[in-house]
Amino acid sequence: STDCNMTILIPGDATITVEGEVVTEAWIAVTDGDGNVCGSVLWPNPDPETDGTTSIAVWGAENIGTDPETNEPIYADYGMEPGETLNFVVMSDGEELDANVSYEFGAGTYSCNGMTGLSSLAATSVVTQAIDLSEGWNIWSTYVSPEDPDMAALFSGIVDDIVICK
């Protein structure tokens, strides 16, 4: 069981892309931080009376008690916890692709009985990140796991401008 859920509206005219190509049908899911699917839907809704608009009911994690030391709630392993980031994935050709979304209204975090609406969703298997480097010394980290983690490969485009790289 779950204590509550959140509704995510996806209009029939939302822009949904997979690998940069607009699609007319997609299986869209929302996952928690552990990758558990907490809600999904086939978009668009085939009912002609809805103009394709549909929604995802995202399950909340059940509150199973209170931590006696911190007085913080304890939640079951499955489901979204209050304030947890909504992670979107799309199934395409048997592959689960992460997706970035734009919101028409609402927030990108779970809230009990909350509502948010998407305007677009872009699923891709390729993730890029631009890191601005200042002149001189820099320290940075990245959320991207490159296919080739070799430092020489990563910096091949700017190797002539690097003095030291560790």
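Summarising the geometry of W43 relative to I28, their closest heavy-atom pair is CB-CD1, 3.8 Å, with the distance given to 0.1 Å. Here the shortest heavy-atom pairing between M80 and L86 reads CE-CD2, 3.7 Å. Among all heavy-atom pairs drawn from S55 and T7, the shortest one is CB-CG2, 3.9 Å. Minimum interatomic distance between E84 and G33 (heavy atoms only, all atoms of both residues): OE2-N, 2.6 Å.
Residues passing the side-chain hydrogen bond (donor to acceptor under 3.5 Å, both in side chains) test with E19, sequence neighbours excluded: T124, S125. Checked against side-chain hydrogen bond (donor to acceptor under 3.5 Å, both in side chains), S102 has the following partners two or more places apart in sequence or in another chain: S120. Residues that satisfy the side-chain contact (heavy atoms from CB on, under 4.5 Å) test with W140, not counting sequence neighbours, are I131, L133, N138, T142, F155. In this structure, N87 has no side-chain hydrogen bond (donor to acceptor under 3.5 Å, both in side chains) partners at least two apart in sequence or on a different chain. In terms of the side-chain hydrogen bond (donor to acceptor under 3.5 Å, both in side chains) criterion, T109 has no residue partners (sequence neighbours excluded).
Atom-to-atom distance recorded for S92:OG and E21:CD is 11.0 Å, nearest 0.5 angstrom. For the atom pair I139 CD1 and S134 OG, the distance stands at 13.0 Å (nearest 0.5 Å).
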Contacts table for residues 64-72: side-chain donor-acceptor under 3.5 angstrom, sequence neighbours left out:
unit_1, atom_1, unit_2, atom_2, d
D67, OD1, E69, N, 2.7
D67, OD1, T70, N, 3.2
T70, OG1, E72, N, 3.2

What pairs of donor and acceptor atoms, side-chain ones from residues 34-42 against any protein atom, are under 3.5 angstrom apart with sequence neighbours left out?
unit_1, atom_1, unit_2, atom_2, d
N36, ND2, D32, OD2, 3.2

Enumerate, atom names and distances included, each donor-acceptor pair closer than 3.5 Å involving a side-chain atom of residues 8-18, sequence neighbours excluded.
none

Could you check F105 against M115 for side-chain contact (heavy atoms from CB on, under 4.5 Å), going step by step and ending with a plain yes or no?
-> CA-CA 8 Å; F105 65 90; M115 183 178 283; 3.8 Å; yes
Walk me through it: do F88 and D98 pass the test side-chain contact (heavy atoms from CB on, under 4.5 Å)?
-> CA-CA 6 Å; F88 289 84; D98 292 331; over 6 Å; no
Go through the steps to decide whether V89 and L97 satisfy the test side-chain contact (heavy atoms from CB on, under 4.5 Å), and finish with yes or no.
-> CA-CA 5 Å; V89 294; L97 303 173; over 6 Å; no
Audit row: S111, M6, side-chain contact (heavy atoms from CB on, under 4.5 Å) steps and yes/no = CA-CA 6 Å; S111 63; M6 178 177 187; 4.3 Å; yes
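Here the rule is side-chain contact (heavy atoms from CB on, under 4.5 Å) with I56, and of T116, V30, L118, N5 only V30 fits it.
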